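Worksheet: the structure to be examined is printed underneath.
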Amino acid sequence: MWFRLIRTSLLYAKKLSITAKSVAAVFNHMDRLLGRETFKKLFPVILTDNGSEFSDPLKIEVDSNGEIRTRIFYCQTNRPDQKGNIEVSHEFIRRVIPKGKSLDQFTQDDINLMMSHINSYNRLKLNDRCPYDLFKFLYSEKILIRLGLKRIATDEVNLTPKLLKQ
C-alpha cells in the first residue's frame with residue numbers, strides 16, 4: 001500500500017496483504033504510531049480507487065471508539081487521472097522494482113530503504129528540493145524517523161533495481 005502526502009510529495013509504503021482488514025490495520029497502526037493529532041493533520045482525506053481492500057471505509061475513517069479520524073473518497077473506475085500524483089509516484093517505485101516483479105521477496109526494511117531513496121530525490125516541482133526535506137521542514141524529522149525513513153545524500157540516491165538486489 002502506497003501513501004503520498006500531497007503537500008510534500010512524500011511517498012510512504014507499507015507491505016501488507018491486500019485485504020480490507022489488513023488495510024484497516026495499517027491505518028490503525030499509523031494512528032497509534034503518529035498520534036491522533038498528527039494522523040489527522042497528515043490524513044485529513046484519503047483518495048483511493050475502489051479496490052476490494054478499501055471496501056470497508058468505516059474501519060478506516062472511524063476508530064474503535066467511534067471517532068472520525070479521516071474521510072475516504074473514491075476515484076471513478078478506470079480514471080487513474082483522478083489521482084495522477086500517486087500514479088506519477090508509482091513511476092519512481094517501478095524504477096527500483098520493475099512492473100511484474102513480485103514484492104513478496106522484499107521486507108519492510110527493503111521497502112523503507114526504497115522509499116528513503118525516492119524521498120531523497122530532488123524534484124523540479126519542489127524547487128529542486130526533495131520530499132524528505134520539505135516534509136521535515138513542514139512537520140518534523142521525528143515523524144519521518146517513526147515511519148522508518150531516512151535522508152539519503154543527493155549523490156547517493158539510487159533509483160535502479162540494483163538498490164534492492166537480492
Side-chain angles (χ1 to χ4, degrees), residues 1-51 53-75 80-94 96 103 106-152 157 159:
M1 173 193 302
W2 319 107
F3 300 101
R4 184 173 176 279
L5 300 167
I6 299 296
R7 291 181 66 196
T8 63
S9 294
L10 188 88
L11 192 61
Y12 176 74
K14 187 77 173 157
K15 189 170 178 178
L16 60 107
S17 59
I18 306 297
T19 65
K21 185 177 182 177
S22 63
V23 169
V26 166
F27 282 100
N28 290 334
H29 169 74
M30 297 289 283
D31 191 6
R32 287 188 305 275
L33 178 71
L34 300 170
R36 179 58 52 89
E37 184 179 326
T38 300
F39 180 91
K40 288 176 92 168
K41 189 184 305 181
L42 296 178
F43 301 103
V45 297
I46 297 167
L47 178 63
T48 187
D49 58 30
N50 55 5
E53 66 272 24
F54 289 98
S55 62
D56 195 355
L58 288 179
K59 294 278 192 217
I60 297 169
E61 291 180 328
V62 180
D63 70 11
S64 60
N65 296 322
E67 182 182 335
I68 295 171
R69 60 183 171 192
T70 189
R71 289 291 187 192
I72 293 182
F73 294 92
Y74 296 96
C75 296
D81 60 302
Q82 292 180 341
K83 55 180 186 128
N85 287 323
I86 192 70
E87 297 299 328
V88 169
S89 296
H90 287 165
E91 293 175 16
F92 284 107
I93 294 165
R94 293 302 174 204
V96 180
L103 299 177
F106 302 110
T107 66
Q108 185 62 48
D109 285 342
D110 293 330
I111 301 299
N112 288 350
L113 176 64
M114 176 177 62
M115 293 297 112
S116 293
H117 279 260
I118 290 170
N119 289 317
S120 298
Y121 181 74
N122 291 341
R123 318 282 170 83
L124 187 59
K125 73 177 188 173
L126 298 178
N127 200 26
D128 208 27
R129 302 284 194 284
C130 69
Y132 188 99
D133 290 344
L134 184 54
F135 187 96
K136 177 181 169 183
F137 174 76
L138 291 174
Y139 299 106
S140 86
E141 192 166 33
K142 183 170 86 173
I143 296 170
L144 293 160
I145 292 167
R146 282 186 181 162
L147 294 174
L149 301 174
K150 61 183 180 178
R151 177 68 160 89
I152 307 298
V157 170
L159 298 179

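For clarity, every value in this text was computed on a predicted model and none was experimentally measured. Just so you know, residue 1 is the first one in the sequence shown, and it goes up from there.
- Phe73 pairs by the side-chain contact (heavy atoms from CB on, under 4.5 Å) definition with Val45, Leu47, Arg71, not counting sequence neighbours.
- Judged by distance alone, with hydrogens and angles left aside, the side-chain atoms of Thr38 form no donor-acceptor pair with the main-chain N or O of Gly35 at under 3.5 Å.
- You'll find the side chain of Asn119 stays beyond 4.5 Å of the side chain of Leu144, heavy atoms only.
- Summarising the geometry of Ile118 relative to Arg123, their closest heavy-atom pair is O-NH2, 2.7 Å, with the distance given to 0.1 Å.
- In terms of heavy atoms, Gly148 sits closest to Ser116 at O-OG, 4.2 Å.
- One finds the CG atom of Asp31 at 10.0 Å from the CZ atom of Phe43 (value rounded to the nearest 0.5 Å).
- Listed by chain and number, the residues in a side-chain hydrogen bond (donor to acceptor under 3.5 Å, both in side chains) with Asn28 are Arg69 (sequence neighbours excluded).
- By the side-chain contact (heavy atoms from CB on, under 4.5 Å) test, Glu67 is found to be paired with Arg36, Lys40, Asp63, residues two or more places apart in sequence or in another chain being considered.
- Taking the side chain as every heavy atom from C-beta outward, Phe135 and Leu149 never approach each other to under 4.5 Å.
- Closest of all the heavy-atom pairs between Met114 and Ile93 is CE-CG2, 4.0 Å.
- Here the CD1-CG distance, from Ile111 to Leu103, works out to 5.5 Å after rounding to the nearest 0.5 Å.
- Every residue two or more places apart in sequence or in another chain that forms a salt bridge (Lys or Arg N to Asp or Glu O under 4.0 Å) with Lys136 is listed here: Glu141.
- With sequence neighbours excluded, no residue forms a side-chain hydrogen bond (donor to acceptor under 3.5 Å, both in side chains) with Ser140.
- Side-chain atoms of Ser9 do not come within 3.5 Å of backbone N or O of Pro131 as any donor-acceptor pair.
- Residues meeting the side-chain contact (heavy atoms from CB on, under 4.5 Å) test with Val157, sequence neighbours left out: His117, Ser120, Tyr121, Ile152, Leu159.
- Here the side chains of Arg129 and Leu134 are not in contact, with every heavy-atom distance at 4.5 Å or above.
- Thr107 places none of its side-chain heavy atoms less than 4.5 Å from the side chain of Lys15.
- Ile18 has its side chain within reach of Leu16: a pair of non-hydrogen atoms, C-beta onward, lies under 4.5 Å apart.
- The closest donor-acceptor contact from the side chain of Tyr74 to the backbone of Phe54 lies under 3.5 Å.
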Trace of the side chain to side chain contact (heavy atoms under 4.5 Å, CB included) decision for Lys41 with Tyr139:
CA-CA 9 Å; Lys41 189 184 305 181; Tyr139 299 106; 3.7 Å; yes
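- Across Leu147, Leu42, Thr70, a single residue satisfies side chain to side chain contact (heavy atoms under 4.5 Å, CB included) together with Met30, and that is Leu147.
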